[in-house]
Amino acid sequence: MDIPGAGPLADTFLLLLDLFGVLVFAVSGNLLAVRKDYDFTGSVLLGFLAGLGGGMVRDVLLGRVPASLLNPIYLVVPVLAALVVYLVGQHVERVRAVIIACDAVGLGLFCMTGTVITLGVGLGIAPALFMGVLTAAGGGILRDVVANENPAVFNSSDLYLVPALAGSALTAVVFEAGVWNVWTALAVGAFVVVFRLAALRFRWRVPAPMRSWSWRGRLRRLRRRSR
């Protein structure tokens, strides 16, 4: 994965981040297949969709050949993840908790790589934020839709896009400030993971329109209080 203007060390670091993101998202897809009682081929398919879907959509929109097609190692990672889960998945307890943890790590990694890649090709902050969120959420959406699950991004009680957007924004700030390195990347990724898990733990949610925070709902409550 090459970024214009970046050195070979930066490219290698970004590649490792991206591969690790593919791995954890692929594991989340494989574990979902275990919970759904899918066979091995179904597990591989969900792993591919979860791990590579968001990055492929990002690269197509940027007019690039998807990195997963240029570098065969991307195609190996989901297969390895499926093999590992196939061998030990039946011993995994509380599979949903493992899926959520892997999903949170993948979210933190992919929102960074999507943002940095977009900034690296010369696009502005707004497109970079959009691509960061798309890279982070795209694979999970494809995974859940194919598995007939309600995607997390559409669940009002589940903060998903907000942590990804916050991570993309922090990544853009760090990258534009010229201090993007392994330590700042780890810090931003950890922030997104903690944000995502804390939102689940404390049930943070985005207000739903046409409910309590809408203007009509506000007026209705004020009238009731005045009565």
Side-chain angles (χ1 to χ4, degrees), residues 1-26 28 48-75 77-78 102-143 151-153 159-196:
M1 178 180 297
D2 297 326
I3 297 179
L9 184 60
D11 287 338
T12 301
F13 174 60
L14 192 61
L15 174 63
L16 293 176
L17 277 182
D18 213 32
L19 288 175
F20 189 68
V22 171
L23 175 65
V24 294
F25 260 137
S28 75
F48 268 95
L49 289 174
L52 301 176
M56 294 185 78
V57 174
R58 174 203 66 214
D59 289 341
V60 169
L61 291 178
L62 291 177
R64 298 154 43 106
V65 177
S68 55
L69 301 182
L70 290 174
N71 194 339
I73 193 171
Y74 278 94
L75 303 178
V77 173
C102 291
D103 199 68
V105 174
L107 192 76
L109 291 171
F110 275 3
C111 72
M112 289 190 297
T113 57
T115 303
V116 170
I117 289 170
T118 306
L119 291 173
V121 299
L123 295 181
I125 298 294
L129 296 182
F130 172 74
M131 288 297 181
V133 173
L134 178 64
T135 306
I141 292 174
L142 293 174
R143 174 201 65 206
V153 296
L159 280 188
Y160 198 86
L161 293 183
V162 175
L165 181 59
S168 296
L170 284 176
T171 301
V173 170
V174 171
F175 188 84
E176 291 296 315
V179 291
W180 169 259
N181 54 52
V182 60
W183 303 112
T184 54
L186 289 175
V188 173
F191 167 78
V192 176
V193 173
V194 171
F195 189 177
R196 165 72 173 149

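All values below were derived from every heavy atom in this structure, side-chain atoms included, with hydrogens, water molecules and symmetry-related copies excluded.
- For residues 186-196, the pairs satisfying side chain to side chain donor-acceptor pair (under 3.5 Å) are Asp158-Arg196, with sequence neighbours left out.
- Qualifying side-chain contact (heavy atoms from CB on, under 4.5 Å) partners for Ala185, counting only residues two or more places apart in sequence or in other chains: Phe13, Leu17, Met112, Trp180.
- Sparse packing is recorded around CD1 of Ile73, with 12 or fewer heavy atoms of other residues, nucleotides or ligands lying under 6.0 Å away.
- For the atom pair CZ (Phe110) and CD1 (Ile117), the distance works out to 9.5 Å, reported to the nearest 0.5 Å.
- Applying the side chain to side chain donor-acceptor pair (under 3.5 Å) criterion to Ser68, with sequence neighbours excluded, gives no partner residue.
- Legend: residues meeting side chain to side chain donor-acceptor pair (under 3.5 Å) with Thr135, ordered by chain and number and at least two apart, are absent.
- Contact of the Leu52 side chain with the Leu75 side chain is registered, since non-hydrogen atoms from C-beta on lie closer than 4.5 Å.
- Residue Thr118 comes nearest to Ala128 through the heavy atom pair CG2-CA, 3.6 Å, listed as atom of the first residue, atom of the second, then distance.
- Among all heavy-atom pairs drawn from Ser28 and Arg143, the shortest one is OG-NH1, 2.8 Å.
- Contacts of Leu161 classified as side-chain contact (heavy atoms from CB on, under 4.5 Å), with partners at least two apart in sequence or in another chain: Val133, Ala137, Val153.
- Closest approach of Pro163 to Leu107, counting heavy atoms only: CB-CD2, 4.2 Å.
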For this session: Apply side-chain contact (heavy atoms from CB on, under 4.5 Å) to the pair Leu109 and Phe25, showing each step before the final yes or no.
Result: CA-CA 10 Å; Leu109 291 171; Phe25 260 137; over 6 Å; no
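- Shown here for Phe191 and Ala166, the closest heavy-atom pair between the two residues is CE2-CB, 3.9 Å.
- With sequence neighbours excluded, no residue satisfies ring pair (Phe, Tyr, Trp, His ring centres under 6.0 Å) with Phe130.
- With sequence neighbours excluded, the residues that form a side-chain contact (heavy atoms from CB on, under 4.5 Å) with Leu186 are Val182, Trp183.
- Nearest heavy-atom pair, Ala164 versus Cys111, reported as atom, atom and distance to 0.1 Å: O-CB, 3.6 Å.
- A distance of 10.5 Å separates CG in Leu15 from OG1 in Thr113, rounded to the nearest 0.5 Å.
- Of all heavy-atom pairs spanning Ala67 and Asp59, the tightest one is N-OD2, 2.9 Å.
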For this session: With side-chain contact (heavy atoms from CB on, under 4.5 Å) as the test, would you mind laying out the steps for Val121 and Arg64 before giving the verdict?
Result: CA-CA 10 Å; Val121 299; Arg64 298 154 43 106; 3.9 Å; yes
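- Sorted by first then second residue, the side chain to side chain donor-acceptor pair (under 3.5 Å) pairs that include residues 160-178, not counting sequence neighbours, are Asp103-Tyr160, Thr115-Ser168.
- The side chain to side chain donor-acceptor pair (under 3.5 Å) pairs that include a residue from residues 119-132 number zero, where partners must be two or more places apart or lie in different chains.
- Residues that satisfy the side-chain contact (heavy atoms from CB on, under 4.5 Å) test with Val194, not counting sequence neighbours, are absent from this structure.
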